Amino acid sequence: MHGSCTCRLDEYTLVLVNEKWRTLSHGHALMQRCTTLTLARHSRLLLRSKFALAQCQQSAAMSSLLINQPKYAWLKELGLSEDNPGVYNGSWGGSGEVITSYCPANNEPIARVTQATLAEYEETVQKTKEAWKLWADIPAPKRAEIVRQIGDALRKKIKVLGSLVSLEMGKIYVEGVGEVQEYVDVCDYAVGLSRMIGGPILPSERPGHALIEQWNPVGLVGIITAFNFPVAVYGWNNAIALTCGNVCLWKGAPTTPLTSVAVTKIVAEVLEQNNLPGSICSMTCGGADIGTAMAKDERVDLLSFTGSTYVGKMVAMMVQERFGRKLLELGGNNAIIVFEDADLNLVVPSAVFASVGTAGQRCTTTRRLMLHESVHDTVVESLAKAYKQVRIGDPWDPSTLYGPLHTKQAVEQYLAAIEQAKQQGGTVVCGGKVMDRPGNYVEPTIITGLAHDASIVHTETFVPILYVLKFKTEEEAFAWNNEVKQGLSSSIFTKDLGRVFRWLGPRGSDCGIVNVNIPTSGAEIGGAFGGEKHTGGGRESGSDSWKQYMRRSTCTINYSKDLPLAQGIKFE
């Protein structure tokens with residue numbers, strides 16, 4: 001295309017030369033007139049050539065997008081196109097920065113999304129707060145009916161949406177589908193929850209008085225999610241928040257905007273079919289400017305943030321400054337502890353799944369493997385063999401077990417971490433290299449020989465590097481598990497029943513997720529998900545995590561004709 005544009009420019013140049021020659025042969029007056037005409041014609045031709053060149057460039061850019069290739073035509077089943085609006089508040093829009101989403105498996109552009117401006121964020125918040133007035137008055141079981149329909153709509157699109165997660169985030173196809181399934185499952189959970197939300201009726205010490213707890217929605221829940229689970233984490237928050245009577249404003253990760261748009265289109269269609277304001281589930285794609293606005297905005301009654309501990313700390317401080325409510329799901333430096341009596345047939349596949357799954361980009365990824373000295377060498381040898389058998393390839397190929405890292409920056413972090421580990425005394429047993437192929441592929445890596453308190457071991461690098469540590473005693477292992485700043489997930493492998501309950505007890509693991517004979521990743525939606533310390537303390541999904549999306553009132557009702565005071569106080 002660019003070649004044909006160049007040929008046309010050469011033809012226009014030849015015309016100008018001929019015009020000049022004719023002008024010179026007819027004298028000065030005619031030359032002046034012809035020169036004027038020539039310049040005018042030259043300007044028109046130049047404009048045409050520029051326009052043609054721009055058309056060529058635009059056409060080339062469009063054809064280079066994956067969405068326009070037949071192999072990826074399924075993207076349009078999700079309502080996606082070359083250019084997608086990144087704001088939804090009952091209507092679609094967006095006039096901010098245009099960003100391109102890239103496929104981590106080949107670093108080719110998929111499609112573009114136009115992010116929100118701060119003015120559009122302001123408009124969206126206003127519309128979302130207005131929609132809450134309607135939504136909060138709908139009975140909880142009726143709200144849950146809408147959530148049920150959202151779950152059903154997701155079921156119909158589960159394969160194609162899972163494919164998009166795989167394409168845009170980089171995780172393997174079965175994990176992409178599984179992530180959408182989590183959203184579906186939480187919808188089902190929230191439907192049942194809608195008839196169970198409530199507080200107790202407490203005995204009052206005063207005659208003729210009733211003491212009850214009333215739970216009400218907080219209002220507007222802001223949801224900021226990370227790239228590694230671009231569907232599920234929003235689903236955990238959205239389904240529970242909606243059932244509790246809240247409206248939602250979502251800002252997904254800037255590197256997975258197409259998934260945010262696709263999910264919002266599915267949810268918006270359900271709301272529109274039920275004649276409800278689409279702004280009940282609003283979305284503003286954006287970067288740090290939108291995230292900062294949400295953190296500082298007093299109209300955001302609860303801010304749920306999932307991401308790194310570094311950014312989460314800044315978000316927490318901004319929210320706290322306005323005495324706002326926050327739900328933080330931050331980093332995890334998770335450990336599996338393997339004792340001498342462990343079933344090694346469970347240990348090896350568990351360690352591989354938890355350290356290699358999602359290419360080490362889960363917050364529950366196992367990053368530290370603590371092995372009792374009696375089984376250390378045996379497990380390392382078996383683990384290295386298993387690592388070499390991991391099927392690496394295109395994430396949407398059903399036979400693939402391990403895909404690329406999400407970004408080129410993650411590849412740089414991977415290399416830097418390996419270099420630091422070597423400098424601190426570590427030995428690379430397996431992996432350690434960037435793979436020579438398109439995309440952000442690196443080898444899953446095992447490193448031994450480091451001290452349990454080495455700085456790199458205490459650093460959560462969001463890549464597939466497993467640090468293997470050797471310990472002697474139970475007390476030592478438990479202490480090493482707890483000495484890192486994060487406190488998300490942890491696991492032991494043992495047959496000793498006494499050790500199990502010590503692990504679960506007050507002097508055992510200090511994490512929010514404490515497992516026995518299963519890996520650190522793969523949490524179920526029925527239990528509350530979250531962690532302690534620098535993980536943020538938030539809880540999402542099951543159990544009583546719904547309480548974070550509601551405010552509690554202790555209510556005393558006097559149905560007598562007297563006015564007795566509590567604690568028997570007399571005021572006469």
Side-chain angles (χ1 to χ4, degrees), residues 85-96 115-138 140 143 146 214-225 233-234 236-254 260 264 267-268 271 276-307 311-329 536 538 540 545-553:
V87 178
Y88 180 73
N89 52 29
S91 58
W92 288 92
S95 57
Q115 295 183 325
T117 63
L118 287 174
E120 288 163 339
Y121 165 79
E122 174 64 28
E123 176 190 9
T124 300
V125 170
Q126 291 178 11
K127 287 185 176 181
T128 308
K129 292 291 282 188
E130 190 64 28
W132 179 76
K133 297 175 183 178
L134 169 67
W135 185 246
D137 283 340
I138 297 174
R143 294 193 297 257
I146 304 302
Q214 173 73 23
W215 291 83
N216 287 305
V218 295
L220 170 56
V221 175
I223 305 168
I224 300 177
T225 59
V233 173
Y234 174 64
W236 294 347
N237 286 273
N238 174 254
I240 304 294
L242 287 179
T243 297
C244 289
N246 302 291
V247 289
C248 298
L249 172 57
W250 181 23
K251 188 193 90 68
S260 298
T264 299
V267 174
L271 294 171
L276 289 167
S279 52
I280 289 170
C281 294
S282 296
M283 178 198 68
T284 50
C285 290
D289 57 339
I290 300 298
T292 299
M294 292 173 72
K296 292 184 174 181
D297 197 337
E298 292 191 354
R299 296 167 298 179
V300 178
D301 301 288
L302 168 67
L303 183 63
S304 174
F305 174 85
T306 302
V311 177
K313 183 176 181 180
M314 293 190 291
V315 169
M317 293 176 69
M318 285 187 279
V319 175
Q320 182 59 42
E321 190 174 25
R322 61 178 174 87
F323 291 103
R325 295 178 61 165
K326 58 188 179 296
L327 193 168
L328 302 176
E329 295 288 357
E540 293 171 330
S545 63
W546 59 270
K547 292 181 178 179
Q548 294 191 102
Y549 302 90
M550 305 193 82
R551 56 179 178 83
R552 171 167 43 189
S553 302

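None of the values given here were measured: they were computed from a predicted structure.
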Evaluation steps, side chain to side chain contact (heavy atoms under 4.5 Å, CB included), between Met283 and Cys281
CA-CA 7 Å; Met283 178 198 68; Cys281 294; over 6 Å; no
Would you say that [X] contacts [Y] through its side chain, given a criterion of any heavy-atom pair below 4.5 Å between the two side chains?
X: Val233; Y: Glu329; answer: no
X: Trp236; Y: Ile223; answer: no
X: Trp132; Y: Ile280; answer: no
X: Val319; Y: Met314; answer: no
X: Leu220; Y: Asn246; answer: no
X: Tyr549; Y: Val221; answer: yes
X: Arg143; Y: Leu242; answer: no
X: Met294; Y: Phe305; answer: no

Does the pair Thr117 and Tyr121 meet the rule for a side chain to side chain contact (heavy atoms under 4.5 Å, CB included), with working shown? CA-CA 6 Å; Thr117 63; Tyr121 165 79; over 6 Å; no
Identify the two heavy atoms, one from [X] and one from [Y], that lie closest to each other, and give their separation to 0.1 Å.
X: Thr124; Y: Asn89; result: OG1-ND2, 3.0 Å
X: Gly538; Y: Leu327; result: CA-CD2, 4.0 Å
X: Gly222; Y: Val300; result: N-CG1, 3.7 Å
X: Leu271; Y: Gly278; result: CD1-O, 3.7 Å
X: Ala295; Y: Arg322; result: O-NE, 2.7 Å
X: Ala131; Y: Pro277; result: CB-CB, 4.1 Å

d(Met318 CE, Lys326 NZ) to nearest 0.5 Å is 12.0 Å
OG (Ser260) and OH (Tyr88) are apart, to the nearest 0.5 Å, by 15.0 Å
For the backbone of [Y] and the side chain of [X], can you confirm whether one donor and one acceptor N or O come within less than 3.5 Å of each other?
X: Arg325; Y: Gln548; result: yes
X: Arg299; Y: Gln126; result: no
X: Arg551; Y: Asn216; result: no
X: Lys251; Y: Gly286; result: yes

Start with the C-alpha distance between Ser304 and Asn237, add both sets of side-chain angles, then the distance that settles side-chain hydrogen bond (donor to acceptor under 3.5 Å, both in side chains), and finish with yes or no. CA-CA 8 Å; Ser304 174; Asn237 286 273; 2.8 Å; yes
| Taking atom NZ of Lys547 as the centre, does the number of heavy atoms from other residues, nucleotides or ligands within less than 6.0 Å exceed 12? | yes
Would you say the side-chain atoms of [X] and [Y] include a donor-acceptor pair closer than 3.5 Å?
X: Thr284; Y: Glu120; answer: no
X: Glu130; Y: Ser279; answer: no
X: Thr306; Y: Thr225; answer: no

- Task: For Lys127 and Glu123, run side chain to side chain contact (heavy atoms under 4.5 Å, CB included): C-alpha distance rounded to whole Å, both residues' side-chain angles, the deciding distance at 0.1 Å, then the answer.
- Result: CA-CA 6 Å; Lys127 287 185 176 181; Glu123 176 190 9; 3.3 Å; yes
Item to complete: In sequence, state the C-alpha distance, the side-chain angles, and the governing distance for Trp250 and Ile224, and then conclude on side chain to side chain contact (heavy atoms under 4.5 Å, CB included).
Response: CA-CA 6 Å; Trp250 181 23; Ile224 300 177; over 6 Å; no
Do the rings of Trp215 and Trp546 sit parallel, tilted or perpendicular, given the 30° and 60° boundaries?
perpendicular
Open item on the list: Between Asp297 and Lys129, does any side-chain N to carboxylate O distance fall below 4.0 Å?
Closed with: no
